There are 2 protein chains.
Amino acid sequence: MKKDLSTEQKIKDAARKVFMSKGFSGCTTREIAKSVGINVALLNYYFRSKGKLFELILEAALSDFIDAMVDVFSRDISIEDKTRMLIEKEFEFLRKHPELPLFIHAGLNQESDGELDQSNFLGRLHETGIFEQCEQAQQEGKMRKVNMINVTLLFMSNCHFPIMSKKLVCGIYQLKDKDYDERLTEHQKIVTEMLIHYLFPNTKQHA
Amino acid sequence: MKKDLSTEQKIKDAARKVFMSKGFSGCTTREIAKSVGINVALLNYYFRSKGKLFELILEAALSDFIDAMVDVFSRDISIEDKTRMLIEKEFEFLRKHPELPLFIHAGLNQESDGELDQSNFLGRLHETGIFEQCEQAQQEGKMRKVNMINVTLLFMSNCHFPIMSKKLVCGIYQLKDKDYDERLTEHQKIVTEMLIHYLFPNTKQHA
DNA sequence: TTCGATTTTAAACAATTGTTTAAAATAAGT
DNA sequence: ACTTATTTTAAACAATTGTTTAAAATCGAA
């Protein structure tokens with residue numbers, strides 16, 4: 001099945017999986033090495049330390065999210081359609097990688113220094129012209145005048161949180177995983193309708 | 001300043017603070033003991049192990065949230081007013097304890113067994129009659145017909161996530177903490193308006 | 001005061017941690 | 001084939017981990 005990847009890449013893949021499920025301090029370098037089938041020392045040979053490796057994985061995970069946004073924002077469609085598409089893509093992506101949001105948030109809070117955006121996330125978003133498109137839509141009265149930070153928060157809250165909170169909600173409501181996933185499908189529709197209706201009040205809702 | 005609490009309580013307080021900021025495996029028993037000013041062995045004397053102590057703290061943290069909900073739900077006011085009040089109380093509470101949501105989610109995902117609801121959270125919510133009140137409001141056409149799980153998700157997503165994501169959003173948008181807190185104030189209004197408008201479409205919005 | 005229980009401590013425990021060192025195995029270049 | 005890099009390993013490292021043990025200190029009641 002698996003291609004014969006380079007050792008370096010195999011380590012990254014294993015580290016990603018282990019870090020995602022257990023967090024930085026919740027796992028050991030030996031655990032990662034074992035899951036690759038190599039010696040512990042190779043970890044420090046390719047990456048200098050456990051911390052460096054973690055930063056790499058975290059940065060890549062963050063990049064995945066930004067990439068998805070950039071992909072949608074770069075298209076030549078209306079801001080409203082971008083909103084719909086982003087929600088759809090995000091739910092689709094997160095269903096495949098449900099551990100990602102919690103990993104990112106927990107990871108960011110574990111790092112002492114807030115050295116983010118060496119990857120220039122903001123710049124990549126700007127290049128899509130999404131901010132100008134919003135500004136224009138707001139001026140034309142097509143979009144509610146809400147600060148972009150708040151728009152981002154609305155979007156992330158309603159897409160990311162429902163994925164993160166599976167254990168919490170299932171615990172409180174005594175739900176089985178399958179039941180929650182059904183709720184999640186329904187929730188995607190709800191979130192889409194609510195956000196579109198709030199951000200673009202003048203639009204007739206789609207089917 | 002500090003009252004002379006029992007050693008047991010002092011340990012709990014310190015453990016809560018340390019666990020909150022560093023997570024279970026991100027801190028050591030000695031670190032907790034040191035911050036109380038006692039010997040490490042006392043930790044295992046009062047609580048049997050680091051894990052037991054953590055479960056205790058986590059359970060208490062969860063209880064705090066349920067308590068807030070129960071408090072609001074128990075009042076003799078309309079379901080719409082309860083919604084408004086819950087959002088308000090939640091933002092107020094979370095501004096004082098911003099580490100709580102992430103701690104709970106990360107904590108739940110670290111625990112192997114999903115042994116939640118030994119505190120009977122669901123039962124306590126039921127006792128308030130909130131579910132019947134919603135059911136009735138929905139039958140009367142006052143409230144949109146949305147499953148209670150989804151209502152819970154909507155509420156938690158929009159209240160908890162903005163607090164959790166401070167580092168992420170500040171990192172991406174290069175915001176200072178102060179600026180984010182301003183956005184948060186604005187966001188509370190946005191969330192209130194959006195949720196009320198979505199869940200109670202026939203209502204005229206308040207000032 | 002004295003005796004017994006409770007609380008607190010110092011010390012040690014075995015196990016595990018991230019990392020380094022030096023040697024071995026493999027690959028590459030000539 | 002021989003020599004030099006590169007990759008991989010086994011072993012050891014000092015430090016730290018959660019927990020336990022046994023002795024000391026403190027307290028309460030008789």
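What's counted below: heavy atoms across the whole structure, side chains too, no hydrogens, waters or symmetry copies. If you're wondering where the values come from, they're calculated on a predicted model, not measured in any experiment. The sequence lines fix the lettering, A, B, ..., with proteins before strands; numbering per chain opens at 1.
The interatomic distance linking A/Leu43 (CG) with D/dT7 (P) rounds to 15 Å, in whole Å. Look at CG on A/Leu42: it is 14 Å from P on C/dT26, rounded to the nearest Å. The CZ-C1' distance, from B/Phe47 to C/dT7, rounds to 14 Å in whole Å. Summarising the geometry, the separation between CG on A/Asn44 and C1' on D/dT9 is reported as 13 Å, rounded to the nearest angstrom. Between B/Phe24 atom CZ and D/dG18 atom C1' the separation is 9 Å, expressed in whole Å. In this structure, NZ of A/Lys50 is placed 8 Å from C1' of C/dT17, rounded to the nearest angstrom. In this structure, the NZ atom of B/Lys52 is 12 Å from the P atom of D/dT19, given to the nearest Å. Residue B/Glu8 contributes atom CD, which lies 14 Å from atom C1' of C/dT8 at whole-angstrom precision.
Distances shorter than 4.0 Å separate some side-chain N or O of B/Thr7 from OP1 or OP2 on C/dT8. In this model, the phosphate group of D/dT8 is not approached by any side-chain N or O of A/Asn39 to a distance below 4.0 Å at OP1 or OP2. A/Thr29 has a side-chain polar atom (N or O) that falls below the 4.0 Å cut-off from OP1 or OP2 of C/dG18. For C/dT8, the OP1/OP2 oxygens have a side-chain nitrogen or oxygen of B/Tyr46 closer than 4.0 Å.
Checked against a 6.0 Å centroid threshold, the rings of A/Phe19 and A/Phe103 do not count as neighbours.
Cation-pi contact between A/Arg144 and A/Tyr198: present, with separation from the ring centre below 6.0 Å and deviation from the ring axis of at most 45°. For the pair B/Lys50 and B/Phe24, the cation sits on the ring face: its NZ or CZ lies under 6.0 Å from the ring centre, inside 45° of the axis.
Considering only side-chain atoms of A/Ala41, the nucleotide from D/dT8, D/dT9, D/dT20 that sits closest is D/dT9. Among the nucleotides D/dT7, C/dA10, C/dT19, the one closest to any side-chain atom of A/Val40 is C/dT19.
Ion pair A/Arg95/A/Asp181 not flagged as a salt bridge, since none of the NZ, NE, NH1 or NH2 atoms sits closer than 4.0 Å to an Asp/Glu carboxylate oxygen.
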Q: Quick one: do A/Arg84 and A/Glu80 satisfy salt bridge (charged side-chain N to carboxylate O under 4.0 Å, His left out)? Show the steps, please.
A: CA-CA 6 Å; A/Arg84 287 183 195 277; A/Glu80 186 184 324; 3.4 Å; yes
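Between A/Thr28 and A/Arg48, the residue whose closest nucleotide on DNA chain C is further toward the 5' end is A/Thr28. Two residues, A/Arg30 and A/Ile38, neighbour DNA chain D, and the one matched to the more 5' nucleotide by heavy-atom proximity is A/Ile38.
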